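Report on the following structure.
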Amino acid sequence: MADTKREIERKYELPVRPAGGDEGPLPAGGRALLPDLTKVRAVSAVTARGVTELDAVYHDTSDLRLTADSLTLRRRTGGADEGWHLKFPVGDGVRDEIQAPLSDTLPDELAELVRSRVRGTRLIPVVRLRTSRATSLLVDKAGRTLAEVALDTVHAERLPAGSGAGARTADWTEIEVELADDGDPALLDAVEKVLRKAGVRPASAASKLARALAETAPATTSHKAAKTPERAPVTAGDHVLAYLREQADAIVSYDAAVRRGLPDSVHQLRVATRRMRSAFRTYKKVLDRDASRPIGAELQWLAGELGVDRDQEVLAERLTERVGAHDTTLLLGPVHARLRIWDAEGRTDARAGTLAVLDSARYLRLLDSMEALLADPPLLDGAARKPARALPRAIVKDYERLAGRVEHALTLAPGEERDLALHDARKAAKRARYAADAAVPALGKPAKRFSKRMKAVQSVLGDHQDSVVARDALRDLAIKAHAAGESAFTWGLLYGEEEARAADRERELPRVWRKSADPKLRAALGRL
């Protein structure tokens, strides 16, 4: 079973060991390379913990796909946490380390987390790092550990399978300062201040692996470097492709987050699929629809499959909130228990379905197709046009499509037909908003304001649609409660409240739409 640990640390460089120097572990006196860290406020003592020998083999694809996304995958022996380690970047100096027990082959639970990046490409050993680690603990007056300081003497070897040539080596010494669990990040600033005064400087490489790759094979070209444009976007095509690449990267990245069960990850993955599909349709004069349409259809399939999981999450949060807003005198029967059972059953089925989709060959083919399209995009003549001319026209067309749907829905009487029309308008509002979002880097404030107005319309329509879905669920809950001999009163009460909420949104829509349909705003966008 894999465990996850949040790692907050900073790395610092020390001079390279002299040629011909001792390659073995640093003697105890080697700790003299560290300045006196008791000068750091809150640090009462520095406790030496001895020297540990670590031997780690890092795995990646031959074109370094994991490294390109700042992921590290290693098999390490030695130390208290020997085993397989997979690290995901969270922020500057912050990573989530997922640990699995030591085994000869990569554990399935870690292989799944890198599948969206690796796909059918084989993982191979690329670098071996042998490290002599002299560890000390920074402790306060109460004896609590504040941070761990490691003085690492590193010998890096580029493995033949990862270089295509003879092995190359590199040696260096560095300092790692890792914050204790629940520690105050301000401590790291204070430690750094003392280190800088002693002449120690922050490491230029983000990780040992990054430094090892750079020093043992400087000419290596990463997977991402090969697929990312070097110049800033200039043409309409440049901007559309930059946006599409952003969504493709998000899909690949959120894949692992969904597998890890991170909050909001299913929603973000689904949004990225919708944004990419929407851009294909909106900017059809930039990118050939004959080439993008099959991928768009697969993105629609993926969003639909993910929707089961996401809809369950949203619906459960909504119903839980509604139940919690009522006095217990109105909660007749085992309302909380039934809601928990309903949610648990729904989430279990939904998550199993989501993971099955992410493990499917169809999904992996979609990722390959996206990558191939963006590597050799089928650009049309419109791609060469200036963004200020090509992009606004596409956005205005999406706006006109939305306007037609909103105006049609408002002519209908309340009921199922109007609910369906409002749902169609909601989807059009999303498309108009996404179209503007894609153009913000090129068009600036007018596109940003337009997106904000479309989001307001989408919000009203979204709450209305959520109410429609909630009423269906409440009816089912009432039927199950009745069949079990429980009171269905509370479910009926919530149903009525959802009806009233939907009616409120319908009354609100004309006002929000008038504001969003500001002719001055549309004219400003159209003049670009």
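Predicted model only: the values in this text are computed from it and were never measured.
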Review point. Do the charged groups of Arg41 and Asp140 touch, with an N to O distance under 4.0 Å?
Key: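 Salt bridge: no.
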Check your understanding: Hey, is Arg65 close enough to Asp60 for a salt bridge, meaning N to O under 4.0 Å?
Key ->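 Result for this pair is no, no salt bridge flagged.
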Review point. Has Arg362 got its NZ or CZ under 6.0 Å from the middle of the six-membered ring of Trp301, at an angle within 45 degrees of the ring axis?
Key: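 Ring-cation test returns yes.
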Donor-acceptor pair between [X] and [Y] side chains, under 3.5 angstrom:
X	Y	result
Arg289	Ser292	yes
Glu97	Gln99	yes
Tyr243	Arg275	yes
Asp398	Tyr434	no

Exercise for review: May I ask you to test the Leu137-Arg144 pair for a side-chain heavy-atom distance under 4.5 Å?
Suggested key: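 A side-chain contact is absent here, since even the closest heavy-atom pair is not under 4.5 Å.
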Point to revise | Sequence-distant partners of Thr77, side-chain contact (heavy atoms from CB on, under 4.5 Å), two or more places apart | key: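 Per chain and number, Thr77 pairs via side-chain contact (heavy atoms from CB on, under 4.5 Å) with Asp55, Arg75, Glu82, Leu102.
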Practice item. Scan Arg453, Arg433, Arg431 and name whichever one has a side chain to side chain donor-acceptor pair (under 3.5 Å) with Gln458. Key: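 Passing option: Arg433.
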Review point. Arg351 side chain to Arg259 main-chain N or O, any donor-acceptor pair under 3.5 Å?
Key: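 Confirmed, Arg351 side chain pairs with Arg259 backbone.
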Exercise for review: Among residues two or more places apart or on two chains, list those pairs meeting ring pair (Phe, Tyr, Trp, His ring centres under 6.0 Å) that have a residue in residues 73-98.
Suggested key: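 Qualifying pairs: His59-Trp84.
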Review point. By side-chain hydrogen bond (donor to acceptor under 3.5 Å, both in side chains), which residues pair with Arg260, not counting sequence neighbours?
Key: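 Asp96.
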